[in-house]
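Just below is one structure, and these are the notes that go with it.
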2 protein chains.
Amino acid sequence: MTAHQRHLDEAPELGELPSIFGLLLRLAQVRHYDRFFAAFEGTDVRPGEMTLLWLLDLNPGIRQGVAARTLLIKPAHMTKVVQRLIDAGLVSRLVPQGDRRSVTLNLTDAGRAHLARHRETFLGVSSADSIGLAQDEYDTLLALLRKLAF
Amino acid sequence: MTAHQRHLDEAPELGELPSIFGLLLRLAQVRHYDRFFAAFEGTDVRPGEMTLLWLLDLNPGIRQGVAARTLLIKPAHMTKVVQRLIDAGLVSRLVPQGDRRSVTLNLTDAGRAHLARHRETFLGVSSADSIGLAQDEYDTLLALLRKLAF
DNA sequence: CACAGATAGTATACACAGAAACTATCTCTG
DNA sequence: CAGAGATAGTTTCTGTGTATACTATCTGTG
């Protein structure tokens, strides 16, 4: 079988599927993850961790639960993500005086260094160019997604 | 603490995060999943299964691997999804004459009935209105996502 | 100030998705 | 036409995220 014939075989009828919002979101996300992991190949940096470090850099001492709600991460999962970052020496946990049920988070020096080291790559993955859209299309897309996300 | 004060507590500084494409995609998807499961509450219908059934309806006898590549589902996972649908009586598997390594898929009568029963709800979840955008914004968003997805 | 209920986070158990290795079949080349 | 390599799908193992239930702490009301 030639490549061309195989291509024909693999072009099934899609009907209205390309207008199903949930499918499009998922497909776009899968492709974006591929880009992310290609850019961070060999570094074991993960998208969610990178985002959390970023948030902690902007909000030193933020409560763990507030970070979780902001990033739509479930509390049970946040516990594990934070534990990983603490094990990696990037984040520190502190139980504040006022409310000893809660936990506040801070970057360590190593965490700040880690963030600085990967900042450009992280931003680069999220650029119109790497995503394959014209700048104005990209701006429109981000504005629309922002309406849905926040 | 009043609701208003709590709201203030929970508005951390976000910096450039709302321009991080990957984060926006994920947040939008999490919110969309919530809508989906709210609409299908009590039915145990899942988004991925619904999409696969739809694809099978349009392409009777499609090869399992072709379906997997079309929907960006990994082969190992597709095996399990198909098995679930077969157990539910919605899909049938057939090993074709020409290539006995492969497997072709078809909807059963029950599968077609299932699809028909949930079709409107499925489309409804994926409408400008339920997503909370104006129709023209929604059309733009879909067109842009389609560029990324296919 | 005691205690009922709310809240913050954690632990346990499970579901969903992927990677790698395996089996069966097919194809192509010598 | 035999055997090496490619291909289709499955199995096994692992990781990521969720639901549920639990512990610790706090708050508000009597």
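Since the model is a prediction, treat every value here as computed from it, not as a measurement. Here is how names work: the chains are called A, B, and so on, in the same order as the sequence lines, proteins then strands, and each is numbered from 1.
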Quiz prompt | Given D:dG17, C:dA17, D:dT10, the nucleotide with the shortest approach to the side chain of B:Thr79 | solution = D:dT10
Exercise. Mind calculating the distance between CG (B:Leu71) and P (C:dA17) to the nearest angstrom?
Key: 12 Å
Quiz item: Would B:Asp87 and B:Arg84 pass as an ion pair if we require N to O under 4.0 Å?
Solution: no
Exercise. Examine C:dT10: is either OP1 or OP2 under 4.0 Å from a nitrogen or oxygen in the side chain of A:Gln64? Give yes or no.
Key: yes
Exercise. With heavy atoms under 4.0 Å as the rule, sort B:Arg46 into base, sugar-phosphate or nothing.
Key: sugar-phosphate
Quiz item: Any side-chain heavy atom of B:Ile20 sitting closer than 4.5 Å to one from A:Leu123?
Solution: yes
Practice problem: Using a cut-off of strictly less than 4.0 Å, decide whether A:Arg100 has a side-chain nitrogen or oxygen near OP1 or OP2 of D:dC26. | Solution: yes
Self-check item: First encountered from the 5' end of DNA chain D, between A:Gln97 and B:Arg26
Solution: B:Arg26
Quiz item: Should A:Phe122 and A:Arg119 count as side-chain neighbours, where that means a heavy-atom distance under 4.5 Å?
Solution: no
Quiz prompt | Whole-Å distance separating the OH atom of B:Tyr33 from the P atom of D:dG17 | solution = 13 Å
Exercise. State which of C:dA11, C:dA8, C:dT10 makes the closest approach to the side chain of A:Pro75.
Key: C:dT10
Practice problem: Tell me whether the OP1 or OP2 atom of D:dT10 has a side-chain N or O from B:Arg93 closer than 4.0 Å. | Solution: yes
Exercise. Quickly work out the B:Phe37 CZ to C:dC16 C1' distance and round it to whole Å.
Key: 10 Å
Quiz prompt | Protein-nucleotide distance (B:Arg84, atom CZ; C:dA17, atom P), rounded to Å | solution = 10 Å
Quiz prompt | Rounded interatomic separation in angstrom, taking CG from B:Leu105 and C1' from D:dG9 | solution = 11 Å
Quiz item: Is it true that atom CG of B:Asp129 has more than 12 heavy atoms of other residues, nucleotides or ligands lying nearer than 6.0 Å?
Solution: no
Practice problem: Could you check how far CD1 of A:Ile73 sits from P of D:dG17, rounded to whole Å? | Solution: 8 Å
Quiz item: Between D:dA8 and B:Arg63, is there an OP1 or OP2 to side-chain N/O distance shorter than 4.0 Å?
Solution: yes
Exercise. Nearest whole angstrom, please: distance from the P of D:dT20 to the NE2 of A:His77.
Key: 18 Å
Quiz item: What about A:Lys80: does its side chain form a donor-acceptor pair under 3.5 Å with the base of D:dT18?
Solution: yes
Practice problem: Name the residue closer to the 5' end of DNA chain D, choosing between A:Pro96 and A:Lys74 according to the nucleotide with the nearest heavy atom. | Solution: A:Lys74
Quiz item: Which atoms form the tightest heavy-atom contact between B:Arg146 and A:Ser19, and what is the distance?
Solution: NH2-OG, 3.4 Å
Quiz item: Once you round it to whole Å, what is the distance between C1' of C:dG18 and CG of B:Leu72?
Solution: 13 Å
